[in-house]
Amino acid sequence: MVEIRDLDECATRTEIAEELARSLGAPHLNEEVIKTLRKAYAGTQTAVTALPDDLAARALKLGHIRIGWVNCRIRDREEAARCYRCWSPGHMAARCRGPDRTELCHRCGQKGHQAKDCKGQPACVLCQERGADDHRHTSMNSSCPFARKITRARR
């Protein structure tokens with residue numbers, strides 16, 4: 001996974017894929033490699049792309065790519081495995097020995113509703129279990145201190 005930052009707010013998936021194909025010398029790339037394209041700060045966008053290992057390495061070596069009028073940064077995007085049974089990072093559900101949280105809300109940790117219908121305050125169940133002071137974020141949030149600690153330890 002490679003992240004392209006600082007994209008112009010008008011940049012499209014097609015435009016990004018075409019420039020990646022040209023810059024990396026891979027004419028077979030199409031817009032399917034762009035997994036997400038979302039708004040970022042100050043009118044910019046960020047794209048997450050799934051590239052084959054050799055092309056990802058080449059893109060990271062470039063460090064920048066010009067898309068439209070903007071010189072965009074290319075960064076590696078590490079995604080830690082996260083269990084969808086107990087929500088802990090570092091393993092998958094098939095090897096899970098933790099508690100089953102599949103019926104809980106990802107946002108507040110309560111039973112009986114889903115995150116999209118949640119009216120409660122965000123509360124990370126993982127941080128609450130460990131007695132952390134800072135647990136006012138959702139359990140599946142990438143900024144969770146516990147999840148970050150596990151991700152750093154695996155590097």
Side-chain angles (χ1 to χ4, degrees), residues 1-96 98 101-109 113-119 122-127 134 136-155:
M1 298 297 256
V2 174
E3 190 174 67
I4 303 172
R5 295 180 172 193
D6 309 323
L7 289 158
D8 185 78
E9 62 187 338
C10 300
T12 64
R13 289 173 181 264
T14 305
E15 197 177 11
I16 298 165
E18 286 173 358
E19 190 54 41
L20 276 172
R22 192 189 67 69
S23 297
L24 300 176
H28 64 281
L29 288 181
N30 58 28
E31 62 184 79
E32 290 176 9
V33 299
I34 313 298
K35 297 303 175 191
T36 64
L37 180 60
R38 59 178 166 37
K39 292 186 185 294
Y41 64 93
T44 63
Q45 295 186 91
T46 299
V48 175
T49 63
L51 297 171
D53 290 342
D54 60 329
L55 293 179
R58 202 177 310 163
L60 291 170
K61 190 174 182 181
L62 284 175
H64 288 84
I65 188 170
R66 187 168 185 87
I67 299 175
W69 295 96
V70 182
N71 213 11
C72 306
R73 294 178 288 166
I74 299 175
R75 301 284 183 259
D76 189 19
R77 180 180 173 120
E78 281 193 36
E79 293 197 17
R82 188 175 284 244
C83 177
Y84 285 95
R85 182 175 179 271
C86 75
W87 303 347
S88 293
H91 69 274
M92 301 300 251
R95 296 190 175 131
C96 182
R101 296 188 175 110
T102 53
E103 294 184 18
L104 301 181
C105 170
H106 289 277
R107 183 175 157 77
C108 69
H113 63 277
Q114 294 180 345
K116 66 179 181 178
D117 304 320
C118 185
K119 305 271 190 266
C124 179
V125 195
L126 302 171
C127 290
D134 182 20
R136 295 284 177 214
H137 54 273
T138 61
S139 296
M140 300 302 267
N141 194 324
S142 61
S143 67
C144 172
F146 173 68
R148 282 187 171 188
K149 182 179 174 184
I150 298 295
T151 304
R152 274 191 230 115
R154 297 190 80 201
R155 285 183 190 168

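Scope of the values below: all heavy atoms of this structure, side chains included, with no hydrogens, waters or symmetry mates. Not measured: the values here are computed from a predicted model.
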Would you tabulate the side-chain donor-acceptor contacts of residues 52-72 under 3.5 Å, counting partners in other chains and residues two or more places apart, or write 'none'?
| from | atom 1 | to | atom 2 | distance (Å) |
| --- | --- | --- | --- | --- |
| Arg58 | NH1 | Leu24 | O | 2.3 |
| Arg66 | NH2 | Trp69 | O | 3.4 |

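- By the salt bridge (Lys or Arg N to Asp or Glu O under 4.0 Å) test, Arg5 pairs with Glu3, sequence neighbours left out.
- Considering all non-hydrogen atoms of both residues, Val125 and Ser139 come closest at N-OG, 3.0 Å.
- The shortest distance between side-chain heavy atoms of Cys127 and His137 falls below 4.5 Å.
- Glu19 pairs by the side-chain hydrogen bond (donor to acceptor under 3.5 Å, both in side chains) definition with Arg22, Ser23, not counting sequence neighbours.
- Shown here are the ring-ring contact (aromatic ring centres under 6.0 Å, His included) partners of His106, two or more places apart in sequence or in another chain: Trp87.
- By the salt bridge (Lys or Arg N to Asp or Glu O under 4.0 Å) test, Glu103 pairs with Lys111, sequence neighbours left out.
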Mind listing the side-chain donor-acceptor pairs of residues 33-40 below 3.5 Å, one per line with the distance, residues two or more places apart or on another chain?
| from | atom 1 | to | atom 2 | distance (Å) |
| --- | --- | --- | --- | --- |
| Lys35 | NZ | Glu32 | O | 3.3 |

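- With sequence neighbours left out, Arg101 forms a salt bridge (Lys or Arg N to Asp or Glu O under 4.0 Å) with Glu129.
- Between the Thr138 side chain and the Pro122 main chain, no donor and acceptor come within less than 3.5 Å of each other.
- Under the side chain to side chain contact (heavy atoms under 4.5 Å, CB included) criterion, Cys118 pairs with Cys105, Arg107, Cys108, His113, not counting sequence neighbours.
- In this view, Glu18 satisfies the salt bridge (Lys or Arg N to Asp or Glu O under 4.0 Å) rule with no residue, not counting sequence neighbours.
- A distance of 11.5 Å separates CD1 in Ile4 from CD in Gln45, rounded to the nearest 0.5 Å.
- Distance check: Asp6 CG to Asp8 CG gives 10.5 Å after rounding to the nearest 0.5 Å.
- Summarising the geometry, atom OG1 belonging to Thr46 is positioned 8.0 Å from atom CZ belonging to Arg73; distances are rounded to the nearest 0.5 Å.
- In this structure, Thr44 has no side-chain hydrogen bond (donor to acceptor under 3.5 Å, both in side chains) partners at least two apart in sequence or on a different chain.
- Atom-to-atom distance recorded for Met92:CE and Arg82:CZ is 11.5 Å, nearest 0.5 angstrom.
- The two residues Cys10 and Glu15 make their nearest non-hydrogen contact at O-OE1, 4.1 Å.
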